[in-house]
Amino acid sequence: MPTCGECHRFASKAQVNDIFAVRSEVKKMLIHHYRKDLAIGLNWTKQALEESEFDGGNFEGFKRSAWFMYEVAKGRVNFRAWPIEVNGIALENLLIEQEFSFDGMVFPHIDAAIAHYAKAFRLDRYFLKRLVYQLTSDKFSRAVSLARIHIDATEQEKQAILRALS
């Protein structure tokens, strides 16, 4: 299979037995590998970085290269793999229906997006997942916002929030 060295290393670690599942696992591993660079796009805009007053020292280097690092990481994660063909016949990727796009990123499925945002914002993953499934994936942004607002909520408060959304 044609692949870059990085994706080949990740693919060889995948514990699945379907080529399309390997592709999904590679994408999840890329998201994990680039999570710090992807966090730049969660916390900054290009304009905010350019207008920041990070002059001198280590922060100047961050100001100069951060957005580039984010764009490279996002490009790696969003890379569309080549179609797979056997004897000139394209194999249909049934897993592509599970892909989930949010904020310019394409995740292999909604659970990968939940895991990424829960880790990036240090959210209760189980609470975020319940919010997403209750609100539906169309309101993913709202679910992340609610999880962030209620980051220190007790389990009883989380249950009340979920009941209020019903």
Side-chain angles (χ1 to χ4, degrees), residues 3-4 6-7 9-11 13-14 16 20-54 58-83 92-153 157-158 161-162 164-166:
T3 183
C4 69
E6 181 178 42
C7 291
R9 280 191 311 279
F10 291 147
K13 294 178 184 178
V16 293
F20 297 111
V22 170
R23 185 185 287 178
S24 178
E25 287 297 307
V26 167
K27 186 173 275 274
K28 287 193 305 192
M29 290 180 204
L30 284 167
I31 291 168
H32 177 75
H33 180 75
Y34 288 107
R35 69 188 177 281
K36 291 180 183 175
D37 296 327
L38 293 170
I40 294 166
L42 295 175
N43 296 308
W44 295 89
T45 63
K46 184 176 184 177
Q47 181 179 353
L49 276 169
E50 289 170 352
E51 293 173 357
S52 69
E53 297 180 8
F54 292 152
N58 294 335
F59 289 119
E60 188 171 347
F62 176 77
K63 176 181 178 177
R64 192 172 44 253
S65 64
W67 196 254
F68 173 76
M69 292 170 18
Y70 165 70
E71 288 181 329
V72 168
K74 184 176 166 185
R76 293 290 293 143
V77 168
N78 285 345
F79 178 75
R80 287 278 184 204
W82 295 281
E92 186 178 349
N93 181 357
L94 300 176
L95 295 178
I96 202 151
E97 295 172 3
Q98 296 177 4
E99 285 187 344
F100 176 73
S101 296
F102 179 72
D103 203 21
M105 292 246 320
V106 180
F107 296 90
H109 45 74
I110 187 80
D111 288 330
I114 291 168
H116 174 69
Y117 280 87
K119 190 167 206 136
F121 291 125
R122 293 180 171 86
L123 304 173
D124 176 342
R125 184 176 176 174
Y126 182 64
F127 180 54
L128 177 57
K129 186 173 190 169
R130 290 185 297 171
L131 286 167
V132 169
Y133 284 101
Q134 188 156 341
L135 292 171
T136 73
S137 60
D138 293 340
K139 296 188 176 146
F140 189 83
S141 178
R142 174 99 170 106
V144 171
S145 295
L146 283 170
R148 290 182 76 185
I149 290 168
H150 301 289
I151 197 162
D152 289 329
E157 291 169 331
K158 291 175 186 176
I161 293 162
L162 290 166
L165 293 173
S166 297

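From a predicted model like this one, the values you see are computed outputs, not experimental measurements.
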Using a 4.5 Å cut-off on heavy atoms from C-beta on, say whether the side chain of [Y] contacts that of [X].
X	Y	value
Ser141	Asp103	no
Leu128	Val144	yes
Arg125	Lys119	no
Leu49	Ile40	yes
Ile110	Phe140	yes
Asp37	Val72	no
Ser101	Asn78	no

Starting at [atom1] of [X], measure out to [atom2] of [Y] and round the result to the nearest 0.5 Å.
X	Y	atom1	atom2	answer
Tyr117	Leu123	OH	CG	11.0 Å
Leu131	Lys139	CG	NZ	12.5 Å
Ile161	Ser166	CD1	OG	12.0 Å
Arg9	Thr3	CZ	OG1	10.0 Å

At their closest point, which heavy atom of [X] faces which heavy atom of [Y], and how far apart are they?
X	Y	answer
Leu42	Ala120	CD1-CB, 3.4 Å
Trp67	Gly41	CZ3-CA, 4.1 Å
Ser52	Trp44	CB-CZ3, 4.4 Å
Val22	Ala11	CG1-CB, 3.7 Å

Just checking [X]: does its [atom1] atom have more than 12 heavy atoms from other residues, nucleotides or ligands closer to it than 6.0 angstrom?
X	atom1	result
Phe79	CZ	yes
Glu53	CD	no
Tyr133	OH	yes
Lys63	NZ	yes

| task | Report the relative orientation of the aromatic rings in Phe100 and Phe102; use parallel for angles under 30°, tilted for 30 to 60°, perpendicular for over 60°. | result |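 Phe100 vs Phe102 ring planes: parallel.
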| task | Give me the ring orientation class for His116 and Phe107: parallel if the planes are under 30° apart, tilted from 30 to 60°, perpendicular past 60°. | result | tilted
Just by distance, do the side chain of [X] and the backbone of [Y] share a donor-acceptor pair under 3.5 Å?
X	Y	value
Lys27	Val77	yes
Ser24	Phe20	no
Glu25	Val16	no

| query | What about Phe127 and His150, are their ring centers closer than 6.0 Å? | reply |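 So the answer is no for these two rings.
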| said: Does Tyr126 form a side chain to side chain contact (heavy atoms under 4.5 Å, CB included) with Ile114? I'd like the steps, not just the answer. | reply: CA-CA 9 Å; Tyr126 182 64; Ile114 291 168; over 6 Å; no
| message | Applying salt bridge (charged side-chain N to carboxylate O under 4.0 Å, His left out) to Glu71 and Lys74, what does each step give before you reach the verdict? | response | CA-CA 5 Å; Glu71 288 181 329; Lys74 184 176 166 185; over 6 Å; no
| request: Could you please spell out the steps behind the side chain to side chain contact (heavy atoms under 4.5 Å, CB included) verdict for Leu146 and Leu165? | output: CA-CA 11 Å; Leu146 283 170; Leu165 293 173; 4.0 Å; yes
| What do the steps show when you test Arg76 against Glu6 for side chain to side chain contact (heavy atoms under 4.5 Å, CB included), and what is the final call? | CA-CA 10 Å; Arg76 293 290 293 143; Glu6 181 178 42; 2.4 Å; yes
